[in-house]
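Take a look at the structure below.
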Amino acid sequence: MGALQLKLRHVPCDLSDPAQVERALEDVRDFLGIEAPSGGILLINNSGFGIYGRFPEPGRGVQLEMLDVNVRAVLQMTGALLPTIRARGGAIMTVASTAAFQPTPFLSTYGATKAFVLHWSLALNEELRGTGVRTLAVCPGPTSTDFFQRAGLAEGSVPSVFGETSEKVVLNSLRALAAGKSMVVSGWKNKLMTAFVTKFPKPLVARLAGLALGHFRMKQVRK
């Protein structure tokens, strides 16, 4: 038997620019139609970033860029590719966060974007029931990526008690997808934390989250 031949294409794109996203989608549709014309499709909405600080720091432009990348690009790409995915079968995996389960002072916009994609993904899964297409919302906690550096935090400033490697999050996500789940919180500690915060009034949870995030993280933001 010959070695498995993978057909790969890298499509560079600035997800904060709707015009660039649209051009990239044209390339993706061409690739699917010509070089990979059959088989199911797994769309993974994984890109995103956060910013720590008091809103609107570090500026309204960055806050709006976060909305573009974390929310608008997800809807733009999913909406454009959904007809093809429905025709061929497959799944849509969208990375949310444990931040989606409670208000998150000092990363207020980021947490709100993740709450949006979590509830959107769950609702979309119900709309697609019976079509052969499923959605999965992935909710990791702190993960070993460059997220915190991009957010403006010094290395080592975030407690690792809830942390996981990116490989572990991927494994948990694929297992959840194979099991037919519509949502997965990665890691047992994160499962306990999200179950805990959903049992209390949101104003109280917001207050506690503000104290925790302010104490452990805000004082260590790089200048």
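For the single chain, residues carry numbers from 1 onward in sequence order.
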Any chance you could lay out the side-chain contact (heavy atoms from CB on, under 4.5 Å) test for Glu164 and Ser186, step after step, and finish with the verdict? CA-CA 8 Å; Glu164 289 187 300; Ser186 186; 2.6 Å; yes
With a 4.5 Å limit on heavy-atom distance, are the side chains of Thr135 and Leu128 in contact? yes
Taking all atoms of both residues into account, what is the closest heavy-atom pair of Met93 and Leu174, and its distance? CE-CD2, 4.4 Å
Applying a strict under-4.5 Å side-chain criterion to I, L, V, M, F, W and Y, I'd like to know whether Val197 and Met183 cluster together. yes
Anything under 30° is parallel, anything over 60° is perpendicular, the rest tilted; go ahead and classify Trp120 against Phe116. parallel
Less than 3.5 Å apart, which donor and acceptor atoms pair up between the side chains of residues 102-109 and the rest of the protein, not counting sequence neighbours?
{"from": "Gln102", "atom 1": "NE2", "to": "Thr98", "atom 2": "O", "distance (Å)": "3.1"}
{"from": "Thr104", "atom 1": "OG1", "to": "Leu107", "atom 2": "O", "distance (Å)": "3.1"}
{"from": "Thr109", "atom 1": "OG1", "to": "Gln63", "atom 2": "OE1", "distance (Å)": "2.5"}

Lys181, NZ: over 12 other non-hydrogen atoms inside 6.0 angstrom: no
Does Lys191 reach the main-chain N or O of Val185 with its side chain, forming a donor-acceptor pair under 3.5 Å? yes
Do you know the tightest heavy-atom contact between Val138 and Pro140? O-CD, 3.3 Å
Strictly distance-based, threshold 3.5 Å: is any side-chain N or O of Ser121 a donor or acceptor partner for the main-chain N or O of Leu118? no
Establish whether Val74 and Val95 are linked, either directly or via other cluster members, by ILVMFWY side-chain heavy-atom contacts under 4.5 Å. no
Main-chain N/O of Lys168 paired to Thr165 side chain as donor or acceptor, under 3.5 Å: yes
Does some side-chain heavy atom of Phe200 sit less than 4.5 Å from a side-chain heavy atom of Leu208? no
Residue pair Glu57, Arg54: steps toward the salt bridge (Lys or Arg N to Asp or Glu O under 4.0 Å) verdict: CA-CA 6 Å; Glu57 297 173 356; Arg54 299 179 184 274; 5.8 Å; no
Are any of the side-chain heavy atoms of Pro18 and Gln76 separated by less than 4.5 Å? yes
Is a donor from one side chain sitting under 3.5 angstrom from an acceptor on the other, for Ser16 and Asp68? no
Show me the side-chain donor-acceptor pairs of residues 24-49 shorter than 3.5 Å, one per line, residues at least two apart or across chains.
{"from": "Glu35", "atom 1": "OE2", "to": "Arg9", "atom 2": "NH2", "distance (Å)": "2.5"}
{"from": "Asn45", "atom 1": "ND2", "to": "Thr78", "atom 2": "OG1", "distance (Å)": "3.1"}
{"from": "Asn45", "atom 1": "ND2", "to": "Thr94", "atom 2": "OG1", "distance (Å)": "3.2"}

Using every non-hydrogen atom in the two residues, find where Ile51 and Pro58 come nearest and quote the distance to one decimal. CG2-CD, 3.2 Å
Can you find a pair of side-chain heavy atoms, one from Met77 and one from Leu15, that are under 4.5 Å apart? yes
